[in-house]
Amino acid sequence: MEEAETAEIVVLGTRKYRDATLSSDLATERMSQSSRSLEADLLRAAGTYRLSDALELVSGSSQQNNRGGFADNFAIRGFLSTADGGGEYYVDGFIANRGSAPARDPATIERIEILKGPAGAVFGDIDPAGRVNMVTKTPRFSAAASARLDYGSFDTRRLELDATGPLTTSLAARIVVALEDSDGFRDHVGLKRRTVAPSLTFRPSDAFQLTYVAQLIRYDSPFDRGVVAVGGDPLALPASRFLGEPSNGDTRARDTRHQLTGEAKLGGDWAIVGGLAYRSGSLRGFSADQTRLVDGRTLWRQRRERGYEVEDLAARLELRGKVNALGTHHPAFGIKGYSLDYLELLRRRNPSDPAQGGNSYAIDIYDPVYGVAEAAALLPNLDQRELRRGLTFYAQDLWDLTDRFSLVGGVRLDVYSQELRKNLTGAASRAADEPVTFRLGAKYRVSDAISVHANWGESNLLNSGSGSDGAAFAPEKGHGYEVGLSGRWAGLDVGMTWFDIRKSNVLTTDPDDANFLAPVGSLRSSGIEFDASLNLGRRWQAVVNYAWTRARYDDENFATPLALNVPDHSGSVFLVHRIEGPNGDWQISGGANYVGRRSGATDTSGLILPDYIKVKVAVEAPLSRILTARIEADNLLNQRYAASSYNSYWIYPGAPRTIRASLSVRL
């Protein structure tokens with residue numbers, strides 16, 4: 001395949017198949033030297049159960065507030081979409097969590113592409129920081145099936161089923177099922193997750209293919225804001241301490257997705273790729289959210305009822321090809337559109353001083369007694385509907401002037417309208433614009449092994465929702481560049497990149513009222529990233545990364561210039577060793593992840609989350625040709641740490657030592 005011969009994005013693991021309709025484009029594969037593709041075998045070896053587990057394998061990512069345990073939330077190079085809703089990520093080239101969406105189950109993922117820098121474009125979308133694109137498992141025309149049963153700490157039970165194969169010579173099917181139940185490491189915070197993902201691929205000839213993928217997610221768990229800092233110490237309370245009310249029951253997230261993608265080869269070097277994705281979802285339930293700590297132990301809480309609903313319809317169509325003229329051009333012309341309908345319903349009651357006849361809905365953080373405190377009747381707080389329509393036209397060209405020197409350029413026109421209706425007041429705000437953004441890049445191969453590259457790009461991204469004043473947020477605007485050096489030798493890939501990115505209207509926690517978000521005047525992030533992977537035959541594999549990220553607010557309204565949850569220093573190392581055995585190779589893997597000190601709040605508290613090192617190990621043994629046993633331990637040294645924070649009252653603790661055992665059958 002041409003992609004296999006020309007692609008230079010570093011593949012971590014073993015790539016068996018690449019569907020051009022679901023993956024990053026050729027320009028990204030060729031020009032994004034700092035990007036990485038995490039393949040299925042490496043994801044399994046590393047024991048990835050959440051997206052955050054996978055992102056540890058790549059430099060420049062940081063965990064963010066997980067929205068009560070219901071969101072995959074991360075920052076790339078210091079930037080995220082919103083502090084509460086989460087960083088937008090892609091599934092098969094479509095934004096998959098616009099509005100809101102529950103965490104993805106790893107059982108449905110073939111690989112994860114971390115596309116960094118301005119060249120990390122996914123079908124025309126540009127962000128100077130980067131994008132994450134998760135590629136879904138799709139049908140194969142060779143029969144295969146697997147099953148996996150896990151049991152682990154905190155009475156965690158998990159079952160995965162995956163079967164694929166041909167139905168006819170031109171039609172193949174696949175179904176992935178994942179069921180998980182867990183009591184969780186947090187008191188009274190269990191989890192029930194159900195995922196079903198059927199898919200069909202129709203391929204009547206090598207020139208035409210259609211793939212349909214459906215996914216149904218059911219995610220039930222108490223809404224959990226974590227623990228509070230005491231005297232500025234985010235680790236003052238046990239990681240298991242639950243400060244909500246068990247009687248509030250589970251919050252229920254539902255997400256249903258239908259997707260159709262296809263490719264038609266037109267002859268010569270030209271093809272059309274496109275797709276359509278429809279997603280509907282909801283988040284409903286009650287919670288007790290921490291708001292104020294008085295006398296050092298009495299915690300006031302706010303009872304909330306959420307009713308969020310989202311409908312998201314997106315489509316894209318791209319013409320791509322090759323032209324020989326003054327070198328070789330790889331042009332692409334595309335059109336994209338989407339329609340978003342996002343309803344936010346929130347009822348809550350602010351706590352007040354009981355000495356003045358109020359209701360604090362309080363709990364003792366050191367000796368919690370549940371079911372005693374009663375909240376006052378809830379009042380309507382938020383009832384707003386966001387209607388968003390967007391249409392995008394883009395064109396780009398990857399130009400190989402010689403076999404060593406390549407240029408890429410792109411232009412994008414966004415035509416959008418956004419309406420935010422406040423149903424409680426009748427107020428409505430509307431915005432419409434037609435911004436144009438650009439991207440440029442260059443790569444030069446100094447030798448067969450060493451390349452240098454530079455990329456520059458702009459972005460204009462819509463923000464959802466409104467602030468404490470009720471006004472809708474303006475779009476986030478950004479521009480940035482990266483320059484880097486990469487080397488490729490037999491079994492060794494090394495890359496180092498310097499980046500500098502500036503954005504305005506980035507949303508983060510409002511320093512004056514933590515119940516709301518607020519836009520930052522500007523946020524600048526610059527730094528250096530180092531990534532290396534080593535493969536010594538089939539026996540040894542190593543993945544090493546380090547990032548120095550200096551992300552700072554430039555806004556006098558914020559008490560601290562430090563970007564929320566973004567450490568200056570972070571890095572990881574992960575090793576896989578295979579030993580020959582009578583039934584196949586044994587696999588021993590392990591690694592360590594370091595996260596430096598980082599800001600835990602944007603207010604005047606000055607909260608700092610301490611640094612930590614988390615160690616994981618695993619042993620996998622083939623018991624027969626088809627049966628494999630695995631035992632793994634995450635946070636082996638039982639390190640106490642804060643995984644992320646929203647403010648001093650919403651700090652999510654990291655999980656203690658977690659041990660899992662599994663049996664897998666592959667046919």
Side-chain angles (χ1 to χ4, degrees), residues 40 43-44 47-54 66-73 86 89 91-92 96-97 99-110 112 134 136-139 145-164 173-186 188-200 212-224 248-259 277-287 306-312 655 658 660 662-665:
L43 294 174
R44 286 195 303 269
T48 53
Y49 292 88
R50 295 285 296 253
L51 179 59
S52 57
D53 299 326
N66 63 12
R67 203 178 200 183
F70 281 80
D72 287 316
N73 199 350
Y89 59 79
V91 172
D92 304 331
N97 62 336
S100 67
R104 294 268 303 184
D105 194 291
T108 65
I109 298 171
E110 181 70 31
I112 300 175
M134 288 179 268
T136 302
K137 291 179 179 178
T138 53
S146 65
R148 174 170 168 163
L149 181 64
D150 292 71
Y151 183 79
S153 300
F154 321 113
D155 197 23
T156 299
R157 297 91 66 200
R158 181 176 171 85
L159 174 65
E160 293 181 18
L161 302 173
D162 184 358
T164 186
R174 188 167 194 165
I175 186 165
V176 178
V177 177
L179 313 174
E180 182 177 348
D181 290 271
S182 177
D183 290 346
F185 73 94
R186 305 266 298 140
H188 307 288
V189 184
L191 167 68
K192 180 179 291 185
R193 178 162 59 175
R194 305 286 185 265
T195 302
V196 179
S199 55
L200 290 170
Y212 166 75
V213 177
Q215 181 171 265
L216 179 67
I217 299 176
R218 300 289 183 263
Y219 192 103
D220 296 344
S221 179
F223 200 90
D224 177 21
N248 282 325
D250 286 344
T251 291
R252 300 168 302 282
R254 302 290 183 261
D255 195 79
T256 302
R257 176 185 174 90
H258 299 276
Q259 174 184 297
Y278 171 76
R279 184 176 69 87
S280 62
S282 62
L283 181 72
R284 297 188 179 94
F286 293 86
S287 68
R306 294 171 180 82
Y308 299 161
E309 296 181 1
V310 62
E311 278 193 283
D312 190 358
T658 302
R660 303 182 186 94
S662 67
L663 282 176
S664 300
V665 176

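- A donor atom on one side chain and an acceptor atom on the other are not found under 3.5 Å apart for Arg660 and Thr156.
- Residues Ser287 and Arg306 are in side-chain contact: their nearest non-hydrogen atoms beyond the backbone lie under 4.5 Å apart.
- Between Ala101 and Arg279 the shortest heavy-atom distance is CB-NH1, 3.6 Å.
- Between Arg218 and Thr256 the shortest side-chain heavy-atom distance falls below 4.5 Å.
- Here Asp224 contributes atom CG and Asn66 contributes atom CG; the two are 8.0 Å apart, rounded to the nearest 0.5 Å.
- Using bins of under 30°, 30° to 60° and over 60° for the plane-to-plane angle, the ring pair Phe154/Phe185 lands in the tilted bin.
- Taking all atoms of both residues into account, the shortest heavy-atom contact from Ser221 to Val189 is OG-CG1, 3.9 Å.
- Atom OG of Ser664 and atom CZ of Arg44 lie 8.5 Å apart (nearest 0.5 Å).
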- Could you please spell out the steps behind the side-chain contact (heavy atoms from CB on, under 4.5 Å) verdict for Glu180 and Leu191? CA-CA 8 Å; Glu180 182 177 348; Leu191 167 68; 4.0 Å; yes

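- Contact of the Arg67 side chain with the Ser100 side chain is registered, since non-hydrogen atoms from C-beta on lie closer than 4.5 Å.
- In this structure, Phe70 and Leu283 approach most closely via the heavy-atom pair CD2-CD1, 3.7 Å.
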- Yes or no on side-chain contact (heavy atoms from CB on, under 4.5 Å) for Arg284 and Glu309, after CA distance, side-chain angles and deciding distance? CA-CA 9 Å; Arg284 297 188 179 94; Glu309 296 181 1; 2.5 Å; yes

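- To the nearest 0.5 angstrom, Leu161 atom CG is 8.0 Å from Ser146 atom OG.
- Atom CG of Leu149 is separated from atom CZ of Arg157 by 11.0 Å, given to the nearest 0.5 angstrom.
- Going from atom OH of Tyr49 over to atom CG of Asp150 covers 4.5 Å, rounded to the nearest 0.5 Å.
- Residues Phe286 and Thr251 approach most closely at O-OG1, 3.7 Å, considering heavy atoms.
- Within the 4.5 Å cutoff, the side chain of Lys137 has no heavy atoms near those of the Thr108 side chain.
- Here the shortest heavy-atom pairing between Ala277 and Arg257 reads CB-NH2, 4.3 Å.
- Residues Ser199 and Thr138 come closest through the heavy atom pair OG-CA, 4.1 Å.
- Between Asp105 and Arg158 the shortest side-chain heavy-atom distance falls below 4.5 Å.
- Residues Thr136 and Arg104 have side chains in contact (heavy-atom distance under 4.5 Å, counting atoms from C-beta outward).
- Within the model, atoms CG of Asp255 and CG of Asn97 stand 9.5 Å from one another, a figure rounded to the nearest 0.5 Å.
- Just one residue in the list Arg194, Arg252, Arg193 forms a side-chain contact (heavy atoms from CB on, under 4.5 Å) with Tyr219, and that residue is Arg193.
- Of the possible polar contacts, none joining the Thr48 side chain to the Ala54 backbone as a donor-acceptor pair under 3.5 Å is found.
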